[in-house]
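Values reported hereafter were calculated over all heavy atoms of this structure, with side chains retained and with hydrogens, waters and symmetry mates removed. Labels below follow one simple rule: chain letters A, B, ... track the order of the sequence lines, proteins then strands, and each chain is numbered from 1.
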Protein chains: 2
Amino acid sequence: MNCRNLGEFCENEAKGVVQSLVLDSEKGELVKASGRVEKKIGKSEGKTIAALKSHSEAERRRRQRINAHLSTLRNLVPSSDKMDKAALLAEVVRQVKQLKETATHDSERFFIPLDSDEIKVEIIAENAIDGTCLFRASVCCEYRTHLLSDLKQTINSLHVNLVKSEISTLGSRVKNVFLFTNSIHGGGGCATIQARDIFLSSVRQAFSSVLDKVSAFPEYSAYPNKRQRVSCFDSSSLLF
Amino acid sequence: MNCRNLGEFCENEAKGVVQSLVLDSEKGELVKASGRVEKKIGKSEGKTIAALKSHSEAERRRRQRINAHLSTLRNLVPSSDKMDKAALLAEVVRQVKQLKETATHDSERFFIPLDSDEIKVEIIAENAIDGTCLFRASVCCEYRTHLLSDLKQTINSLHVNLVKSEISTLGSRVKNVFLFTNSIHGGGGCATIQARDIFLSSVRQAFSSVLDKVSAFPEYSAYPNKRQRVSCFDSSSLLF
DNA sequence: AGGGACACGTGAACC
DNA sequence: TGGTTCACGTGTCCC
């Protein structure tokens, strides 16, 4: 059946008698169609046919455009074959949200040190079995001499298993990010939530004292006289 | 006009005479509709009406579902108000591609060192005016003594402006990522594409020779006797 | 007017 | 069979 709503027109157009069925959505029942069709046909049939035709063709093009984008989305989303349109879009929403999440998270993790000092210690992942946790500690501060060796000593004193270390600089500001676990050389993790919280705050405290050192002993400052915001700061001397 | 395709049914159902118009898409002309409607109405009008009604309601729900996802996508995508559906989807495609790009790029940048040695030097960004480029060089290899100081010497010898350095470890493998520009202390960048390519390959060559050092002089190896794949590798001694 | 965009009801196909 | 998905042509609104 190729026939659509305008069927029988060719034979009936001479008579000018065309009727159609409508399911009225408000009243919930089938009602009369308008008489407009007959009137228009009476006026200029050719015009109406041409308009109808171009209209439906335009609509088909529109559908093709939309569906083309839908199918490229389908290719972008893994294992989205045999998903219907709604499910596909739902999955796309999920993906976009998640990608945005990790993107902002990453940029927060890796990019420019801020002007304000900051110490952040958080749990990234947790092993449910032995209580081993993966931690991420970030320390953002002004550079000073011995900052890195102080941080190293701090890490060592915490007896954690350092997994990853990142250093980035902007001007005289420096940001250090450490990933570490609390299971050193195969040992267990924090047994209880309380122990974990105590550990977290002790890590924060340890890094805090590294930052406090410069205020307590100003001779540690790299720029004793005045805070310097120069961009020609030699990062290579800091990074090794 | 509330009327739809099934209009006039209520008054006409007693007569059983219903006609509809179809624009035949293949022939490109208006043709007769099938007589099925009349037959069915003759059989059991109530059934047909109920089926039609639930069908159109289901279809409406489907449309609502799709449009709901579309509008949440609209909220996720910046400045996508007043975009039509196709444009919105096109923008979503663009975003997803870009997010995936940076996501894989970032994870590639920041995560685990691979088992195979790798040297990669690429241009991240380019200043069209003075030809200054931002480069990213990554070196992935087995750790050995003096690796970091060798890399530092290499960076220094290239006379580049080091912007950022990252080091990550997995077992005895180590991955170093350097971001740097070729405009040292305000100097200009590479004038031509050829100069840039020469610079790129010289950087690659420089890092290569650092990696070759261990094979040429085995005494540099951290594990002279046999390649060791232990995970208790003390990364903290490497990272500072 | 005339073309674009949208929601609608419908026919067909698939479980 | 009912239920669900899709493409289609159409009515309507807006520029």
Side-chain angles (χ1 to χ4, degrees), chain A residues 1-9 18-37 39-41 43-44 47-71 74 81-90, chain B residues 1-9 18-37 39-41 44 47-71 74 80-90:
Chain A
M1 296 280 177
N2 290 324
C3 301
R4 298 287 177 214
N5 296 344
L6 283 186
E8 245 179 62
F9 176 80
V18 174
Q19 297 175 328
S20 62
L21 269 158
V22 166
L23 177 55
D24 185 283
S25 27
E26 284 106 18
K27 289 186 279 181
E29 53 187 23
L30 298 169
V31 297
K32 226 182 222 183
S34 76
R36 283 178 68 252
V37 183
K39 280 190 247 158
K40 280 207 170 175
I41 287 177
K43 275 187 188 170
S44 55
K47 281 272 188 178
T48 306
I49 296 177
L52 233 33
K53 189 171 166 180
S54 87
H55 183 28
S56 73
E57 279 170 355
E59 184 61 17
R60 171 153 49 243
R61 282 193 299 274
R62 176 176 167 271
R63 275 193 303 267
Q64 284 172 356
R65 234 171 31 238
I66 292 175
N67 285 337
H69 288 136
L70 244 26
S71 78
R74 208 168 234 113
D81 276 353
K82 287 299 166 193
M83 268 186 185
D84 63 36
K85 285 188 187 178
L88 170 65
L89 287 175
Chain B
M1 296 279 176
N2 288 326
C3 302
R4 299 287 175 215
N5 296 345
L6 282 186
E8 243 178 67
F9 178 79
V18 173
Q19 297 175 328
S20 63
L21 270 157
V22 167
L23 176 56
D24 186 284
S25 27
E26 284 106 19
K27 289 187 280 182
E29 54 186 22
L30 299 168
V31 296
K32 222 184 225 184
S34 77
R36 284 178 65 251
V37 184
K39 280 189 248 162
K40 280 210 171 174
I41 287 177
S44 55
K47 281 270 186 179
T48 307
I49 295 177
L52 233 32
K53 189 172 168 180
S54 88
H55 183 28
S56 73
E57 278 169 357
E59 184 62 18
R60 170 154 47 243
R61 282 194 300 273
R62 176 177 166 270
R63 277 193 301 265
Q64 284 172 356
R65 235 172 28 240
I66 292 176
N67 286 337
H69 288 136
L70 245 26
S71 78
R74 206 166 238 116
S80 64
D81 276 354
K82 288 298 164 194
M83 269 185 185
D84 63 36
K85 287 187 186 178
L88 170 66
L89 287 176

On a heavy-atom basis, the closest approach of Lys85(A) and Arg62(B) is CD-NH2, 4.0 Å

Nucleotide of dA7(D), dA7(C), dG2(C) approaching Glu59(A) most closely (side-chain heavy atoms): dA7(C)

Glu57(B) has an atom CD; how far is it from atom C1' of dG3(D), in whole Å? 13 Å

Is the phosphate of dA7(C) approached by Arg60(B) (side-chain N or O, under 4.0 Å from OP1 or OP2)? no

Rounded to whole angstrom units, what separation is found between the CE atom of Met83(A) and the C1' atom of dT4(D)? 17 Å

Taking only N and O in the side chain of Lys85(B), is any of them less than 4.0 Å away from OP1 or OP2 of dA7(C)? yes

Keeping the roles fixed (side chain from His69(A), backbone from Ala86(B)), state whether a donor-acceptor pair exists under 3.5 Å. yes

Under 4.0 Å: is that the gap between some side-chain N or O of Asn67(B) and OP1 or OP2 of dC6(C)? no

Respond yes when some side-chain nitrogen or oxygen of Arg62(B) is under 4.0 Å from OP1 or OP2 of dC6(D), and no when none is. yes

Whole angstrom is fine here: how far is it from NZ in Lys82(B) over to P in dC14(D)? 10 Å

Can you list everything that forms a side chain to side chain donor-acceptor pair (under 3.5 Å) with Glu57(B)? Sequence neighbours excluded, please. none

From CD of Gln64(A) over to P of dG9(D), roughly how many Å is that when rounded to an integer? 11 Å

